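Just so it is clear, the structure is predicted and the values come from calculations on it, not from any experiment. As the structure lists them, so they are numbered: ligands from 1, and atoms in each ligand from 1.
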Amino acid sequence: MHSDERGIPRRAFLKSAVAIGGASALAACVERENEVSVPGGTDDPASLPARQHAWNDYAARDDAGNVLPPRHHVLLLLNYDGSEPTEADRQRVEDALRSLERAYEWSNEGLLFTLGYSPAYFESLGGSPAGVDLPEPRALSDLEDPEFDTPDAILHLASDHAQVVLEAEEGMRGNREALNDDPVDAALTGAFSVAERRTGFVGEGLPAEHQDTGGVPDSEPVAEDAPLYMGFKSDFEKSQATEDRVTIQSGPFAGGTTQHVSHIDLNLQQWYEQDGREERVAKMFCPAHADSGAVEGTGENLGDSPQLEDCADPLEDAQQRGVVGHGQKLQAVRKDGRPLILRRDFDSTDFGRAGTHFLALQREISEFVKTRDAMNATDLTAQSAVGRRTNNGIRQYLSVTHRGNYLLPPRETRALPTPEGDDA
Ligand code: HEM
């Protein structure tokens, strides 16, 4: 391959393939990764979890027990081709998704995926989903002016293997007859059109390999071992909601969850050039962590908890130190000792810039809004020198460009559900 000749590292090549997409990217990827043997799936739907978002028991974990998110991601924004869902379309959608489950093990080594539906989809069927808090997306701070994503549906494909997300996408677009040597019964494009594709990655080494994009400073390279562009590990077990906590408890969509997906443009130039490491630790975690040196390297040493309980009171730090940490502020929005949202975000080079697809699951969208309000911290800015942007956690480095809300129904009603929750 040309890329070998140019000396691009193997994994960098693989990620570029996901960002590029399509049959030739997949072919090149398979040629490069041909030693990868991808575990096959199951013929028995009953052996799969009832929740589409049940990933954690099937994902990899690190030594401290933290879930390691799948490394490669594709989001397909989809529009339904019909007006009222027909039985034939429902069957096509279900057959397409069953093809994925037969082809790949439900795991990070195989494929994890969800299919969600937007408020606009339910609106077009005359209502909102019964018993679910699923408003249209809106701006969540006075500093942002995002585009609102309003496709009917969103498919999230995730795997540790670039070739799996690419191949699965090609299958769902009707461009392949077999996936992982298993025949494809139907394509999602039998019922939907693809409006947009977005891609991303998370995990040690991947951000460093993708710093050849907008917003990354030349002077300060992203650390080789960083799992995210901003240089720190995230998603510590004790700072995540459990899957049970984000699951809808009653009504026809019980067993489902809501998904918020924003795209955030990252200003890494400022993050790395304006501040030193201590300031970065103070702004990401809290000033006390900067003082004590609690965070080594990417923060791997913190085990399964960012130890935010060791941070001072946010108002005290805001007033006395003039700076407050991101994690420190967000700790206010916990229930039974854990956050309300389950973060499954990943980084991206979409739109030609270093960014994050901030994908979060919660029982109700209002819980995401509440969490985001704590990040805005208007109570602190009113009572201290901390600005809306400046010294207010990591707000200065983030610009939200897109927001979308979706319902991930339980697996049983995932094929073109009605607002009442029927799939038949
Ligand atoms: C690119 C942007 C972001 C980065 C790099 C980032 C990074 C982090 C880090 C390093 C932590 C500390 C520990 C941990 O992750 O377990 C954290 C905590 C957290 N973040 Fe973010 N974050 C980002 C954006 C957001 C956004 C947009 C939200 C939601 C509004 C959010 C919500 C949270 C929550 C709920 C916690 C846990 C707080 C607790 O333990 O109580 N983050 N984040």
Side-chain angles (χ1 to χ4, degrees), residues 62 64-69 137 139-141 143-144 146 200 202 207 215 222-223 226-242 245-246 259-268 270-272 280-286 289-290 294-295 297-311 314 324-348 353-362 365-377 392-403 405:
D62 66 15
N66 300 306
V67 170
L68 285 172
L140 296 181
S141 93
L143 295 176
E144 67 182 46
V202 52
V222 177
L228 290 167
Y229 274 130
M230 291 185 85
F232 295 108
K233 179 182 164 49
S234 183
D235 301 350
F236 293 89
E237 184 70 13
K238 299 266 169 61
S239 269
Q240 287 279 45
T242 59
R245 180 61 186 76
V246 304
Q259 177 180 266
H260 180 78
V261 189
S262 56
H263 174 266
I264 304 175
D265 192 272
L266 299 176
N267 191 338
L268 298 176
Q270 251 186 44
W271 176 244
Y272 284 112
R280 287 198 291 276
V281 171
K283 288 180 181 177
M284 187 60 86
F285 296 89
C286 63
H289 276 18
V295 185
T298 62
E300 207 73 45
N301 67 301
L302 294 167
D304 67 356
S305 162
Q307 299 165 21
L308 300 172
E309 60 282 1
D310 295 343
C311 298
V324 62
H326 170 70
Q328 180 181 20
K329 284 184 289 184
L330 284 156
Q331 242 201 329
V333 199
R334 287 184 154 213
K335 193 150 190 235
D336 304 326
R338 304 279 284 256
L340 303 179
I341 69 171
L342 173 52
R343 292 166 288 142
R344 287 190 171 154
D345 52 298
F346 46 93
D347 281 345
S348 176
R353 309 260 315 161
T356 296
H357 291 296
F358 198 86
L359 189 157
L361 306 180
Q362 50 285 310
I365 292 294
S366 64
E367 295 174 319
F368 182 84
V369 174
K370 208 169 154 193
T371 305
R372 176 65 213 201
D373 280 346
M375 189 166 157
N376 295 345
N392 191 347
I394 52 177
R395 286 193 74 192
Q396 185 173 6
Y397 315 98
L398 312 187
S399 310
V400 179
T401 70
H402 296 74
R403 289 196 183 279
N405 290 334

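Using a 4.5 Å cut-off on side-chain heavy atoms (C-beta onward), E237 and S305 make no contact. Between H263 and R403, every side-chain heavy-atom pair lies at or beyond the 4.5 Å cut-off.
For ligand 1, the atoms closer than 4.0 angstrom to any heavy atom of Q331 are 41 (O). Near M284, with a cut-off below 4.0 Å to any heavy atom, the atoms of ligand 1 are 5 (C), 7 (C), 8 (C), 9 (C), 10 (C). Near M230, with a cut-off below 4.0 Å to any heavy atom, the atoms of ligand 1 are 5 (C). Listed by number with element, the atoms of ligand 1 under 4.0 angstrom from any heavy atom of P306 are 13 (C). If you number the atoms of ligand 1 from 1 as listed, the ones under 4.0 Å from a heavy atom of T371 come out as 35 (C). Taking every heavy atom of T356 and a limit of under 4.0 angstrom, the matching atoms of ligand 1 come to 1 (C).
For the side-chain contact (heavy atoms from CB on, under 4.5 Å) test with Q259, the passing option among L361, N405, I365 is L361; the others fail. Of the residues listed (H260, R343, H402), the one engaging F358 in a side-chain contact (heavy atoms from CB on, under 4.5 Å) is R343, and it is the only one.
Distances shorter than 4.0 angstrom occur between a heavy atom of L266 and an atom of ligand 1. Assignment of L308 to the shell around ligand 1 is supported, since a heavy atom sits closer than 4.0 Å.
Considering backbone and side-chain atoms alike, K233 places every N or O at 3.5 Å or more from each N or O of ligand 1. Between F236 and ligand 1, at least one pair of N/O atoms sits closer than 3.5 Å. At under 3.5 Å, not a single nitrogen or oxygen of R372, backbone or side chain, sits near a nitrogen or oxygen of ligand 1. The distance criterion of under 3.5 Å between nitrogen or oxygen atoms is met by S239 with respect to ligand 1.
Taking CD from Q331 and NE2 from H326, the interatomic distance works out to 11.5 Å, rounded to the nearest 0.5 Å. For the atom pair I264 CD1 and S348 OG, the distance stands at 11.5 Å (nearest 0.5 Å). Note that CG of D347 is 4.0 Å distant from OG1 of T356, once rounded to the nearest 0.5 Å. To the nearest 0.5 Å, atoms CG (L308) and SG (C286) are separated by 6.5 Å. Rounded to the nearest 0.5 Å, atoms CZ (R338) and CD (Q240) are 8.0 Å apart.
Take a cut-off of 2.8 Å around atom 21 (Fe) of ligand 1: the protein N, O or S atoms inside it are H326 NE2.
For atom 31 (C) of ligand 1, the closest heavy atom belonging to the protein is F358 CZ, 3.4 Å. Closest to atom 12 (C) of ligand 1, if we only count protein heavy atoms, is F285 CE2, 3.9 Å. In terms of protein heavy-atom proximity, atom 41 (O) of ligand 1 is closest to R334 NE, 2.6 Å.
Between S141 and N376, the side chains place no donor N or O within less than 3.5 Å of an acceptor N or O (distance only, hydrogens not considered).
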* Asked: How far apart are the C-alpha atoms of V295 and F285, what are their side-chain angles, what is the distance that settles it, and do they pass the side chain to side chain contact (heavy atoms under 4.5 Å, CB included) test?
  -> CA-CA 9 Å; V295 185; F285 296 89; 3.9 Å; yes

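With respect to the salt-bridge test (charged N to carboxylate O, under 4.0 angstrom), the residues K233 and D62 qualify. At a threshold of 4.0 Å, the pair K335-E367 does not count as salt-bridged, since none of the basic side-chain nitrogens sits closer than that to a carboxylate oxygen.
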